[in-house]
Amino acid sequence: MWHFRLWEIQDVAVFLSIMLYMCHLAGAISIYSPQRSLIRSVQDDVIFSVNFTCSGIPNIQWTFMSGLVSRTIGAWQPGGYTNITEDYSSRVQAYDNGSMGLSDLRLQDGGFYVVTITESTGSSKDFGFVLKVNEVLYEDLQYLTVSFLALACLASLLMLTMWLLDKAYKKIMACKRRREMPGDARKTGLQLGNVL
């Protein structure tokens with residue numbers, strides 16, 4: 001027959017409670033995103049799309065990091081407060097699912113973005129994104145503009161050439177017809193041409 005002492009059962013119960021609590025904390029928050037690396041151009045908009053699961057109402061915080069720079073973008077609670085920093089207040093859209101929209105991108109917006117989900121129990125989890133911002137190449141736009149203008153000039157030149165060739169053809173045909181006319185008709189035709 002098994003004999004257990006009371007203090008052994010209590011120790012086992014405390015140990016199991018601690019283990020269950022740690023397992024709960026370890027798996028309490030999960031964050032998922034379909035895309036972690038994003039490429040946009042200057043003046044575009046971007047949405048850092050995330051989905052998360054946790055117990056309770058979390059605090060959501062977004063941070064930007066690039067080189068030695070690290071700054072908080074904003075923090076909010078779904079259905080509660082929203083606190084976006086002054087630098088980003090006109091460009092950031094906060095979503096209850098943890099996602100963040102950033103509009104009117106600039107070259108300096110390229111870098112690493114981190115969302116931190118924190119539960120009321122104090123446990124938190126981070127999830128990162130990389131954003132590359134490309135500069136709009138104005139040289140390419142200039143090349144396209146010059147190419148378009150060159151093609152337009154060439155088309156105009158071809159149309160002018162066709163118009164001149166048509167005029168020359170009509171004059172040649174008129175002279176040929178006059179030569180083929182009998183003598184008296186030719187004189188009448190010349191007189192008519194002088195009158196006109």
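All figures in this text were calculated on a predicted structure; none of them were measured in a lab.
Remark: F64 engages Y113 in a ring-ring contact (aromatic ring centres under 6.0 Å, His included) (not counting sequence neighbours). In this view, N59 and Q77, Y81 satisfy the side-chain hydrogen bond (donor to acceptor under 3.5 Å, both in side chains) rule, not counting sequence neighbours. F127 is linked by a ring-ring contact (aromatic ring centres under 6.0 Å, His included) to F129, counting only residues two or more places apart in sequence or in another chain.
No donor-acceptor distance shorter than 3.5 angstrom exists from the side chain of S89 to the backbone of I84, with no hydrogens or angles considered. Without hydrogens or angle criteria, T72 side chain to T63 main chain gives no donor-acceptor distance under 3.5 Å. Side-chain atoms of W62 never come within 3.5 Å of backbone atoms of A94 as a donor-acceptor pair (strictly under, hydrogens ignored). Although no hydrogens or angles enter the test, the distance criterion places a donor-acceptor pair under 3.5 Å between the side chain of W76 and the main chain of Y95.
Remark: D45 CG to L105 CG distance equals 6.5 Å, nearest 0.5 Å. The SG atom of C153 sits 12.0 Å away from the CG atom of L160 when rounded to the nearest 0.5 Å. Rounded to the nearest 0.5 angstrom, N83 CG and Q61 CD are separated by 9.5 Å. Here the OH-OG1 distance, from Y32 to T53, works out to 13.0 Å after rounding to the nearest 0.5 Å. Once rounded to the nearest 0.5 Å, the distance linking CD1 of I39 with CG of L131 reads 9.0 Å. Expressed to the nearest 0.5 Å, how far CD1 of I47 lies from OG of S99 amounts to 7.5 Å.
Other residues, nucleotides and ligands place no more than 12 heavy atoms under 6.0 Å from the CE atom of M162.
One hydrophobic cluster, built from ILVMFWY side chains closer than 4.5 Å, holds both L107 and I73. Hydrophobic clustering of Ile, Leu, Val, Met, Phe, Trp and Tyr side chains at less than 4.5 Å, counting indirect connections, keeps M100 apart from V114. In this structure, M65 is a member of the same hydrophobic cluster as V130, with clusters built from ILVMFWY side-chain heavy atoms closer than 4.5 Å. Hydrophobic clustering keeps F112 apart from I31 (ILVMFWY residues linked when any side-chain heavy atoms are closer than 4.5 Å, directly or through intermediates). Taken together through direct or relayed side-chain contacts under 4.5 Å among Ile, Leu, Val, Met, Phe, Trp and Tyr, Y88 and V50 form part of one hydrophobic cluster.
Counting only residues at least two apart or in different chains, salt bridge (Lys or Arg N to Asp or Glu O under 4.0 Å) contacts with residues 86-103 comprise R91-D109. Applying the salt bridge (Lys or Arg N to Asp or Glu O under 4.0 Å) test to every pair with at least one member in residues 31-44, sequence neighbours left out, gives no pairs at all. Among residue pairs with one or both ends in residues 145-168, those qualifying as salt bridge (Lys or Arg N to Asp or Glu O under 4.0 Å) are D166-K170; sequence neighbours excluded.
Within the 4.5 Å cutoff, no side-chain heavy atoms of S30 are placed close to those of F52. Using a 4.5 Å heavy-atom threshold, the side chains of N134 and V42 count as separate. Annotation: side chain of S123 is not in contact with side chain of T118 (no heavy-atom distance under 4.5 Å). Residues I117 and S124 are not in side-chain contact: their nearest non-hydrogen atoms beyond the backbone lie 4.5 Å or more apart.
When every heavy atom of P78 is checked against every heavy atom of P58, the shortest pair comes out as CD-O, 3.3 Å. The minimum heavy-atom distance linking P34 with S49 is given by the pair CD-O, 3.9 Å.
Using a 3.5 Å distance cut-off with no hydrogens or angles, the side chains of E119 and S55 do pair a donor with an acceptor. Side-chain contact check for T116 and D126: at least one donor-acceptor pair (N or O, by modelled atom type) lies under 3.5 Å.
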